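Nothing here was measured: the structure is a model prediction, and the numbers come from that model.
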Amino acid sequence: AVVTFGLAGGYDAGVSLGSNLKMFSHLANIGDTRSLVIHPASTTHRQLSDEAKVKAGAAPDTVRVSIGIENVEDIIADLDQALAA
């Protein structure tokens with residue numbers, strides 16, 4: 001499953017989430033067996049203006065998470081600790 005959501009705290013919160021996840025790989029591809037996370041505004045779309053990022057669906061607060069086959073409790077625990085950081 002791929003889930004896209006916005007984080008309170010905007011750009012900085014998106015960067016922080018990606019750096020605080022321990023189990024997730026920080027990659028742009030999807031469909032892997034591993035859980036992946038991407039903050040498009042600071043990675044794949046970083047060269048665009050904020051207005052262009054929003055139009056492309058990569059607003060500063062947007063994060064995309066692709067859920068892999070790891071244990072569901074481990075996935076939730078990793079997301080919880082990264083969001084709390």
Side-chain angles (χ1 to χ4, degrees):
V2 177
V3 180
T4 302
F5 55 93
L7 290 172
Y11 183 91
D12 291 337
V15 171
S16 177
L17 179 69
S19 23
N20 285 303
L21 285 165
K22 295 179 170 106
M23 185 179 70
F24 283 70
S25 297
H26 195 248
L27 300 168
N29 59 315
I30 59 169
D32 201 313
T33 59
R34 299 170 294 165
S35 291
L36 311 171
V37 64
I38 189 78
H39 177 241
S42 66
T43 56
T44 57
H45 292 70
R46 69 182 170 271
Q47 74 282 2
L48 300 176
S49 68
D50 284 346
E51 182 181 328
K53 287 175 189 171
V54 170
K55 285 182 182 178
D61 66 340
T62 299
V63 174
R64 289 191 181 93
V65 176
S66 174
I67 303 301
I69 61 171
E70 299 91 353
N71 179 283
V72 68
E73 288 86 10
D74 293 340
I75 292 169
I76 293 168
D78 195 26
L79 282 167
D80 281 345
Q81 68 79 28
L83 288 166

Task: Sequence-distant partners of Ala13, side chain to side chain contact (heavy atoms under 4.5 Å, CB included), two or more places apart - done: Leu7
Task: Pairing residues for Asp74 by the salt bridge (charged side-chain N to carboxylate O under 4.0 Å, His left out) criterion, not counting sequence neighbours - done: none
- [ ] Please collect all ring-ring contact (aromatic ring centres under 6.0 Å, His included) contacts where either partner lies in residues 47-85, sequence neighbours excluded, each pair once.
- [x] none
TODO: Write down the atom of Thr62, the atom of Gly57, and the distance for their closest heavy-atom approach.
DONE: CG2-O, 3.8 Å
- [ ] Any ring-ring contact (aromatic ring centres under 6.0 Å, His included) involving residues 66-85? Give me the pairs, sequence neighbours left out, ordered by first then second residue.
- [x] none
- [ ] Mind checking side chain to side chain donor-acceptor pair (under 3.5 Å) for Gln47 and listing every partner two or more places apart, or none if nothing turns up?
- [x] none
Task: Non-hydrogen atoms of Ala41 and Ala59 that approach each other most closely - done: CB-O, 3.8 Å
TODO: Quick one: closest heavy-atom pair of Pro40 and Ala58, and the distance?
DONE: CB-CB, 3.6 Å
TODO: Indicate, with yes or no, if Leu48 and Ile38 share a hydrophobic cluster defined by side-chain heavy-atom contacts under 4.5 Å among Ile, Leu, Val, Met, Phe, Trp and Tyr.
DONE: no
TODO: Would you please name every residue forming a side chain to side chain donor-acceptor pair (under 3.5 Å) with Asp78, sequence neighbours left out?
DONE: Gln81
TODO: Considering non-hydrogen atoms only, spot the tightest contact between Val63 and Gly14 and give its length.
DONE: CG2-CA, 4.1 Å
- [ ] With sequence neighbours left out, write down each residue that passes salt bridge (charged side-chain N to carboxylate O under 4.0 Å, His left out) with Glu51, or none if nothing qualifies.
- [x] Lys55
Open item on the list: Once rounded to the nearest 0.5 Å, what's the spacing between atom CD of Glu70 and atom CD1 of Ile76?
Closed with: 12.0 Å
- [ ] Please say which of Thr44, Val3, Thr4 ends up in a side chain to side chain contact (heavy atoms under 4.5 Å, CB included) with Arg64.
- [x] Thr4
TODO: Write out all pairs satisfying salt bridge (charged side-chain N to carboxylate O under 4.0 Å, His left out) with one or both partners inside residues 38-50, taking only residues at least two apart or from two chains.
DONE: Asp50-Lys53
Task: Within residues 24-59 or reaching into it, pairs that qualify as ring-ring contact (aromatic ring centres under 6.0 Å, His included) - sequence neighbours excluded - done: Tyr11-His39
Task: Single-linkage hydrophobic cluster Ile75~Phe5, side-chain heavy atoms < 4.5 angstrom - done: yes
Open item on the list: For residues 50-85, which residue pairs pass the ring-ring contact (aromatic ring centres under 6.0 Å, His included) check, not counting sequence neighbours?
Closed with: none
Open item on the list: Tell me every residue that passes salt bridge (charged side-chain N to carboxylate O under 4.0 Å, His left out) with Asp32, counting only those two or more places apart in sequence or in another chain.
Closed with: Arg34
Task: ILVMFWY cluster, Val65 and Leu21 together (side-chain gap under 4.5 Å) - done: yes
Open item on the list: Please list all pairs meeting salt bridge (charged side-chain N to carboxylate O under 4.0 Å, His left out) that have one or both residues in residues 4-13, counting only residues at least two apart or in different chains.
Closed with: none
Open item on the list: Let me check something: do Leu83 and Ile67 share a hydrophobic cluster, defined by ILVMFWY side-chain heavy atoms less than 4.5 Å apart, either directly or through other members?
Closed with: yes
